[in-house]
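Read the structure below first, then the notes.
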Protein chains: 2
Amino acid sequence: MAKPARTSPSATFSFDVSRCLICSAKNLNMCGALEQDELAKLSGLARCESFSSGDVLFHEGDPATTVYNITDGAVRLSTMLKNGRRQVIGFLFSGDFIGFSDRDAYPWTAEAVRGAKVCRFTRPDLAKAAKELPKIEHRLLEMASADLSAAQDHITMLGQGSAAEKLSAFLLMLSRKAADRGGTANPVHLPMTREDIADYLGLAFETVSRCFARLEGAGLISVESLRIIRITNFDALAEFSDSE
Amino acid sequence: MAKPARTSPSATFSFDVSRCLICSAKNLNMCGALEQDELAKLSGLARCESFSSGDVLFHEGDPATTVYNITDGAVRLSTMLKNGRRQVIGFLFSGDFIGFSDRDAYPWTAEAVRGAKVCRFTRPDLAKAAKELPKIEHRLLEMASADLSAAQDHITMLGQGSAAEKLSAFLLMLSRKAADRGGTANPVHLPMTREDIADYLGLAFETVSRCFARLEGAGLISVESLRIIRITNFDALAEFSDSE
DNA sequence: GCCCTTTCTTGACCTGTGTCAACGCGGCCC
DNA sequence: GGGCCGCGTTGACACAGGTCAAGAAAGGGC
């Protein structure tokens, strides 16, 4: 698989507070900590961008000059190993932040999964704003802590249990995430491909496909379409995901 | 395996700044951000404790009332699954912080691996101090970001590659960590058991044992004793860990 | 609507690693 | 010093899941 060329966003806007006030992500991300006048200051530093399916926000190894708030859609963070295998580090949705990293270069590639909108800042701009508004730093610490918890859940998902258990845990996680951001918990929508899921869970994509079939056969889920999974027995799936 | 009883620390002290000034961890943890007078304020809130091998700092599910700076030794964070399997989330050393979590209850159990010293704060005390001294929050954000990077490396270690590749990556990580805190990079010291390593890497402990033998057979390492591993070919081990 | 490409499913086979079991070693306590 | 117990090593075997391959179903562009 050839390295995809960097892709320009399909649209870029600078904008004023009014755009922030109607932003659907503002209560999930760092802007939620701010009063309207403070938000106005921050909005002057922001740039809004739209990416379409498969577009690359940045590549692993690029200088880490920019941080991103995702305002809509889904973004995939992944890292490529020398042997050609890929590890998907995470799927990020509206309200998530990209840019917690102590390193000078991005340690992952960020790509839009079926379209995404972001609002970005240069690192120096955000650092300056955070110095003036300590609330921002406080909120970023909360968000980083939440990300750390999520990463630790991912670790447990990867380390323990069978392929089917991992997939169950993954579906429940997506369901919970959707509910957390005000969406619907049950028919779970999968914006990503089977291969993306496989690379997230450390499996082969054929195994993911087989496990969907097995979970459906066991009456735990119903695959309504490729990307819509209905959980038909929540409790049993939860029980199973935590290993029986 | 029965749940080990909570263990009282073998010693507890309250203390003044003088103890902080000679603390070997102070340049690695949040104290490094502070001037001497600021450190004095913080030191009044701290409690110092010593734990010996196997002692439990707290259990998974306990109310998360306290945060810890590790000042010496090693601590293991782990979580137990319903099926009796254990995932080791991380090994923490001098300079590391326990307590980034958005949850009310600890999501992991913390246990001393062959002895540890910590310096602890109640959450409210630390929150109050952070409010007065924004430097603390800034430094905590840096530390949380570093922890997140480490967790993402752990994810990649778990998701990709063979058992031997995982073990290689683990040894290199321990070597780097030791060097980072001013220790010696090469004969790698393993404070933990084979089973701890296995539960960290998502393997069976027999597999870990076999992989040590295989890496030694391949001339990459030399097992000088159970807990002292000499890396005899750094470059080859690094090449191998990233998968060949 | 139709074609072409990408993604997904299913099958057959094989290998790496988990499991079970036996044994060796070393440290600790009496 | 001797015995015991936890920890580590090694072997035999089975099976989950990886790999390779063929074909079906979606999806996008014209």
Side-chain angles (χ1 to χ4, degrees), chain A residues 1-2 4 52-55 76 81 83-88 111 113-115 157-168 189-218 221 223-229 240 243-244, chain B residues 1-2 4 52-54 76 81 83-87 111 113-115 157-168 190-217 221 223-229 240 243-244:
Chain A
M1 195 191 317
S52 43
S53 188
D55 283 358
R76 174 181 66 233
L81 284 88
N83 60 3
R85 297 180 57 131
R86 182 183 70 156
Q87 177 65 45
V88 171
E111 291 156 292
V113 182
R114 334 205 122 247
M157 219 183 280
L158 281 165
Q160 303 302 139
S162 65
E165 285 163 6
K166 291 181 189 181
L167 186 59
S168 309
H189 179 241
L190 308 175
M192 69 292 287
T193 65
R194 300 292 189 259
E195 189 169 17
D196 285 339
I197 299 173
D199 290 350
Y200 182 85
L201 295 175
L203 300 170
F205 67 89
E206 295 95 327
T207 303
V208 171
S209 187
R210 276 185 261 265
C211 286
F212 272 119
R214 280 208 281 144
L215 291 177
E216 185 163 35
I221 64 172
V223 182
E224 304 201 334
S225 78
L226 268 185
R227 307 216 132 74
I228 309 279
I229 310 292
F240 178 73
S243 304
E244 63 171 338
Chain B
M1 196 190 315
S52 43
S53 187
R76 175 181 65 234
L81 285 87
N83 60 2
R85 297 181 57 131
R86 183 184 69 156
Q87 177 65 46
E111 290 156 295
V113 183
R114 333 204 123 248
M157 220 183 279
L158 281 164
Q160 304 301 139
S162 66
E165 285 162 6
K166 291 181 189 181
L167 186 59
S168 308
L190 309 175
M192 68 292 284
T193 66
R194 299 291 189 262
E195 189 168 16
D196 285 338
I197 300 173
D199 289 351
Y200 182 85
L201 296 176
L203 300 170
F205 67 89
E206 295 95 326
T207 304
V208 171
S209 187
R210 276 186 259 266
C211 286
F212 272 119
R214 280 209 280 145
L215 291 178
E216 185 164 35
I221 64 171
V223 182
E224 304 201 333
S225 79
L226 268 184
R227 308 214 132 75
I228 310 279
I229 310 291
F240 178 73
S243 305
E244 63 169 339

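Everything numeric in this text was worked out from a predicted model, so none of it was measured. So you know, we letter chains A, B, ... as the sequences are listed, proteins then strands, and number each from 1.
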Quick one: [X] [atom1] to [N] [atom2], roughly how many Å, whole number?
X      : N      : atom1 : atom2 : answer
B/E165 : C/dT17 : CD    : C1'   : 14 Å
A/F212 : C/dT7  : CZ    : C1'   : 13 Å
B/L167 : D/dG8  : CG    : P     : 13 Å
A/R194 : C/dT10 : CZ    : P     : 11 Å
B/I197 : D/dT9  : CD1   : C1'   : 14 Å
A/L190 : D/dA26 : CG    : C1'   : 15 Å
B/L203 : C/dT17 : CG    : C1'   : 8 Å
A/R85  : D/dG17 : CZ    : P     : 14 Å

* **Within 45° cone and under 6.0 Å: A/R76 NZ/CZ vs A/Y200 ring** =>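 Negative - A/R76 is either too far from the ring of A/Y200 or too far off its axis.
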
* To do: Could you tell me whether the side chain of A/E206 has a donor or acceptor atom within less than 3.5 Å of a complementary atom in the base of D/dC20?
  =>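 Such a pair is found, so the answer is yes.
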
* Distance-only donor-acceptor test, B/R210 side-chain atoms vs D/dG8 base atoms, 3.5 Å ->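 Absent.
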
So, is [X] near the phosphate of [N], with a side-chain N or O under 4.0 Å from OP1 or OP2?
X      : N      : answer
B/R214 : C/dG16 : no
A/T207 : D/dG17 : no
A/R227 : C/dC8  : yes

Please confirm whether the backbone N or O of [Y] pairs with a side-chain atom of [X], one donor and one acceptor, at under 3.5 Å?
X      : Y      : answer
A/Q87  : A/D199 : yes
B/R194 : B/L226 : yes
B/E216 : B/I221 : no
A/T207 : A/L203 : no

* To do: Consider the side chain of B/S209, meaning its heavy atoms from C-beta on, and name the nucleotide among D/dG8, C/dT10, C/dG18 that approaches it most closely.
  => D/dG8

* Nearest-nucleotide pick for B/L226, side chain only, options being C/dT17, C/dT9, D/dG8 ->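 Ranking C/dT17, C/dT9, D/dG8 by closest atom to the B/L226 side chain puts D/dG8 first.
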
* If you look at every strand shown and take non-hydrogen atoms under 4.0 Å, does A/F205 touch a base, only sugar-phosphate, or nothing? ->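 Counting heavy atoms under 4.0 Å across all strands, the contact made by A/F205 includes a base.
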
* Toward the 5' end of DNA chain D, which comes first, A/C211 or B/V223, by nearest nucleotide? ->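 Here B/V223 is the residue nearer the 5' end.
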
